[in-house]
Protein chains: 2
Amino acid sequence: MSVHSVNHTNIYYQGADKILLAVDCIIFGFDKNLLKLLLFKRKVEPFKNEWSLIGRFIREDENINNAAEKVLEECTGLNDVFLEQLFCYGDASRDPGGRVVSIAYYALIRLDEQKEQSVEDFHAHWFDVNEVPELILDHNAMIEAAFEKLKQKARVQPIGFELLPEKFTIPNLQALYESIYQVNLDGRNFRKKILSMGILEKLDEKDKTSSKKGAYLYKFNQEKYENLLDKGFGFEI
Amino acid sequence: MSVHSVNHTNIYYQGADKILLAVDCIIFGFDKNLLKLLLFKRKVEPFKNEWSLIGRFIREDENINNAAEKVLEECTGLNDVFLEQLFCYGDASRDPGGRVVSIAYYALIRLDEQKEQSVEDFHAHWFDVNEVPELILDHNAMIEAAFEKLKQKARVQPIGFELLPEKFTIPNLQALYESIYQVNLDGRNFRKKILSMGILEKLDEKDKTSSKKGAYLYKFNQEKYENLLDKGFGFEI
DNA sequence: TCAAAAGTGTTCAAGTTACACCCATGT
DNA sequence: ACATGGGTGTAACTTGAACACTTTTGA
């Protein structure tokens, strides 16, 4: 990997310890009204073939955010998706394979856009968020933290839409929030609240995959949302 | 510094780049009803003698949290204070002195407990949060992020008390929240709300430093707070 | 006696929660 | 014709916001 390194002079900071730095990605998806996580069979020792998050070491010349974006793109084929730093895990003994500090990122992706191919290449599998297997190192803790963060953030920012296809029904959206908050919501109140914000655009199209009557499809309208933000509106659900 | 290094074998991860890792601490205090930040004159090149956060490199054998605790203790004489990881800054070019990834921590300390001595030894100064000078590297951005986080977190967790002396008055507490949220609050509503939570203990003692009449002192009651948490109570202000 | 901060209740508007029935349609 | 999920309104309650005067006491 070090063939990529820029030769930083480091004339000032000689003598300080250098440490292996990694990124690990917690990847959320939403499918068949269930919240999912993408996990991988680890390809290297130690812990080869055990379930784990996907990640790799950061190169010396690489922004940490770019490293996370590249990891995500390599394993899902997607770029330009929601990806945010979560937390930095740095206990000296967290990895018996060596002293590695890991920066965890979490991503929200649209499962319908994802390339099946990439998932298979990486021996990956989508797990229900409530059926995550035992993972290597502190990866289960990372997932816990990411899920907590998602719960908090989804309440005050319209990031739920990052997990849905461009067109979705109100019952889809409700099921998404139910699986994020792990509660049941009242259909009438939910609909009233989300529609009253004025950030959804109703289409003249119905989705009949889950009922005979069919449910109207909606789109999230980013411009309307940003206009409202400017006027001091605060998303909350 | 590397005299402290454990000789990690790293038999698995050879070939990956190693990177300098640092911690930087954003230290909040509250004095004379103003929210303050502790800043330092940098002692090393590059940027020697410019204002900066306090920080140092992480050693190979050191938990990142411990490193932050030690930095805080060295410069304030305090341990066992509120200290939490904020964010990891890792653009490849953020520091012209070398490739350094920095993990920012923010701390809330009680100014009345702080040892004056330590502050002077470190050429430190307490700045009003609205009068922060230009700092080196991305330290101004770190402070912005920490202040944002404080605003969010103070709303839903009783961390404000970490900034106040053990005994404080309701007007003190109100002034603290006013300087965190940067707004004026209604005295009656504030008092009503905070007292109705049942987490403050009224003492038979008055503080007369800021008025002739004097204001009753209160203490935060951690046990009551935890009992309420168990019952599903949510702090919010 | 007066200046300066501490302390105290009520009203109104807005938002949240709870709750039950009809609709449309494919089988 | 019936089973299935989609869609609709109202009333009770809770919460947050606005607002003015009295109390205490050191100087």
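Everything numeric here is computed off the predicted structure, so don't read it as measured data. Any value given below was found using the heavy atoms of this structure, including those in side chains, with hydrogens, waters and symmetry copies removed.
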Worksheet entry | B/S/- contact track for nucleotides 9-14 of chain C, protein heavy atom under 4.0 Å | BB----
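Using a 30° and 60° split on the angle between ring planes, Tyr225(B) and Phe220(B) fall in the tilted class, from 30° to 60°. Below 30°, between 30° and 60°, or above 60°: for Tyr89(B) and Phe87(B) the angle between ring planes is above 60°, a perpendicular geometry. Between Phe168(B) and Phe161(B), the ring planes lie tilted relative to each other; the angle falls in the 30° to 60° range. Trp51(B) and Phe127(B) have perpendicular rings, their planes meeting at more than 60° on a 0 to 90° scale where under 30° would count as parallel.
Between Lys70(A) and Glu73(A) no salt bridge is recorded (no basic side-chain N to carboxylate O distance below 4.0 Å). Remark: Lys224(B) does not engage Glu201(B) in a salt bridge, criterion side-chain N to carboxylate O under 4.0 Å. By the 4.0 Å N-to-carboxylate-O rule, Arg94(B) lies close enough to Asp138(B) to be salt-bridged with it.
The phosphate of dG7(D) has OP1 or OP2 within less than 4.0 Å of a side-chain N or O from Arg191(A).
Side-chain atoms of Gln222(B) and Glu226(B) form a donor-acceptor pair, as typed in the model, at a separation below 3.5 Å.
Using a 4.0 Å cut-off on heavy atoms, the residues of residues 207-216 of chain A that approach DNA chain C are Lys208(A), Lys212(A), Lys213(A), listed by number. Against DNA chain C, the stretch residues 226-237 of chain A makes no heavy-atom approach under 4.0 Å.
Residue Glu162(A) forms a side-chain contact (heavy atoms from CB on, under 4.5 Å) with just one option from Phe28(A), Phe30(A), Phe82(A), and that option is Phe82(A).
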